[in-house]
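What follows is a short report on a single structure.
By convention in this document, chain letters (A, B, ...) are assigned in the order of the sequence lines, proteins followed by strands, and residues within each chain are numbered from 1.
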Amino acid sequence: MLHPLVPPVLAWFDTAARDLPWRAADRTPWGVLVSEVMLQQTPVARVEPLWRRWMMRWPTPADLAEESTAEVLRAWDRLGYPRRALRLQECARAVVERHDGELPRTEAELLALPGVGTYTAAAVMAFAHGRRAVVVDTNVRRVLSRAIAGDALPPPSLTRGELRDAATLVPDDDGTASRWSAAVMELGALVCTARSPRCDACPVAEQCAWRRAGRPPDALAPVRRRQAWHGTDRQVRGRIMAELRAADHPVPAEVLLAAVPGDETQRRRCLAGLLADGLVAALEPLRRPSAGAADAEDADDDAAVRDDAVLYGLPR
DNA sequence: AAGTCGGGGCA
DNA sequence: TGCCCAGACTT
């Protein structure tokens with residue numbers, strides 16, 4: 001038995017679904033996974049052009065696995081969260097090694113891949129393999145929060161109740177379930193939006209608990225200040241990565257740090273962090289012979305950052 | 001459960 | 001300016 005919310009949303013999806021390339025008939029399971037990773041915390045409009053170029057260049061896991069990490073990070077460009085690019089390549093290599101280059105077909109195996117969490121594993125099951133899965137992203141959470149719970153916005157972190165509601169709604173058979181997952185996400189992206197929801201265009205407006213209650217504003221939760229952008233480590237890290245993407249030769253620490261905002265402490269902290277994350281490589285660690293020979297073995301990334309003679313670049 | 005991690009577009 | 005965007009991972 002289908003939940004009353006399901007049929008109207010499926011019918012709406014048939015007419016309103018966007019024509020996205022990772023939904024095309026010629027899509028591959030790997031292409032779907034790539035899209036899901038790129039879409040993590042990133043709007044569709046910014047992902048689409050980059051996804052097209054990416055899949056043209058590296059159509060299969062084997063193609064990406066063989067590429068140099070530096071080229072992968074350059075292609076990732078300014079999509080944001082470049083650690084995703086690193087993990088995507090690790091994921092490609094894991095697929096080649098563990099699964100003979102074919103994306104696995106069970107949720108547990110997908111979940112075990114680098115960069116693939118609860119949401120992405122479920123999404124790949126549904127959208128790449130056409131299977132029933134409980135796909136819960138920010139769009140689904142907002143739609144169900146409004147339609148079922150009657151709240152303007154979902155709680156800060158995913159609750160058991162939300163997961164239970166979401167699971168209850170997913171139809172039993174694979175085909176209908178996978179279409180439902182895509183449809184309810186699309187509804188959240190196009191109609192039941194965070195800012196100004198278009199309830200007049202919503203196929204389940206009559207059933208929506210939030211709308212029937214008069215669209216009350218979000219229950220004033222203790223407003224936690226979001227981290228600002230200007231002057232943050234995230235901005236400085238981003239600037240360092242931008243410099244290295246643009247450079248076709250190794251860059252001396254002095255030159256690199258001079259091109260980046262922030263005070264000395266922050267810039268060096270960020271560079272050390274990028275080294276630890278594997279997003280930056282120290283290409284020529286010309287460490288000075290230390291006084292104690294025993295200390296030579298303890299040299300770590302922080303020591304490298306303090307040495308101005310070191311050259312930095314994207315990892316090979 | 002809370003922090004960290006990019007970047008851009010829009011009200 | 002603040003908020004939001006098909007989250008994952010570490011602590």
Side-chain angles (χ1 to χ4, degrees), chain A residues 17-18 20-23 31-51 73 76-88 90-91 110-128 133-144 152-160 166 178 181-190 192-197 217-218 221-245 260-261 269-270 272-274 276-280:
Chain A
R18 286 170 294 181
L20 300 171
W22 45 86
R23 290 177 179 166
V32 171
L33 186 147
V34 171
S35 78
E36 293 301 341
V37 172
M38 289 182 173
L39 286 163
Q40 290 166 3
Q41 298 289 286
T42 310
V44 167
R46 209 136 53 93
V47 167
E48 184 170 352
L50 196 138
W51 183 92
L73 288 171
W76 195 260
D77 196 39
R78 288 174 299 180
L79 201 58
Y81 294 141
R83 291 189 295 194
R84 290 184 295 168
L86 232 43
R87 296 197 190 108
L88 185 56
E90 292 168 12
C91 178
L110 290 166
L111 207 45
L113 295 170
V116 177
T118 308
Y119 162 76
T120 302
V124 170
M125 287 302 289
F127 307 143
V134 181
V135 181
V136 183
D137 77 326
T138 183
N139 289 302
V140 175
R141 294 185 63 208
R142 188 173 53 251
V143 170
L144 301 190
L153 294 174
S157 55
L158 183 63
T159 65
R160 291 211 146 78
S178 68
S181 293
V184 65
M185 283 177 62
E186 194 79 337
L187 187 65
L190 299 182
C192 194
T193 57
R195 303 280 175 76
S196 42
D218 185 32
V223 275
R224 220 177 307 123
R225 278 285 166 206
R226 264 182 84 88
Q227 191 179 32
W229 170 245
H230 189 74
T232 61
D233 281 9
R234 299 165 78 171
Q235 183 189 29
V236 174
R237 286 168 57 106
R239 293 289 293 272
I240 292 174
M241 291 302 292
E243 286 297 320
L244 294 180
R245 282 196 307 271
V260 164
R269 177 175 69 241
C270 288
L274 291 169
D277 288 343
L279 286 165
V280 173

With hydrogens left out and only the distance checked, is there a donor-acceptor pair under 3.5 Å joining A:Arg46's side chain and the base of B:dG7? yes
For A:Thr118, answer base if it contacts any base atom (sugar-phosphate contacts may also be present), sugar-phosphate if it contacts only those atoms, and nothing otherwise; contact means non-hydrogen atoms under 4.0 Å. sugar-phosphate
For A:Trp22, which contact category applies under a 4.0 Å heavy-atom criterion: base, sugar-phosphate, or nothing? base
Is there a side-chain contact between A:Gln40 and the phosphate of C:dG7, meaning an N or O under 4.0 Å from OP1 or OP2? no
Among the nucleotides [options], which one has an atom lying closest to any side-chain atom of [X]?
X	options	result
A:Glu36	C:dA6, B:dC5, C:dC5	C:dA6
A:Thr138	C:dA6, C:dC4, B:dC5	C:dA6
A:Thr42	B:dC5, C:dC5, B:dG6	B:dG6
A:Tyr119	B:dC5, C:dA8, C:dG2	C:dA8

Regarding [X] and [Y], do their side chains bring together a donor and an acceptor under 3.5 Å, going by distance alone?
X	Y	value
A:Thr42	A:Arg84	yes
A:Glu36	A:Tyr119	yes
A:Tyr81	A:Arg234	yes

Heavy atom of residues 77-87 of chain A under 4.0 Å from DNA chain C: which residues? A:Arg87
Per nearest nucleotide of DNA chain B, the residue lying toward the 5' end, A:Ser157 or A:Met241, is A:Ser157
Distance between the C1' atoms of C:dC9 and B:dG8, in whole angstroms? 24 Å
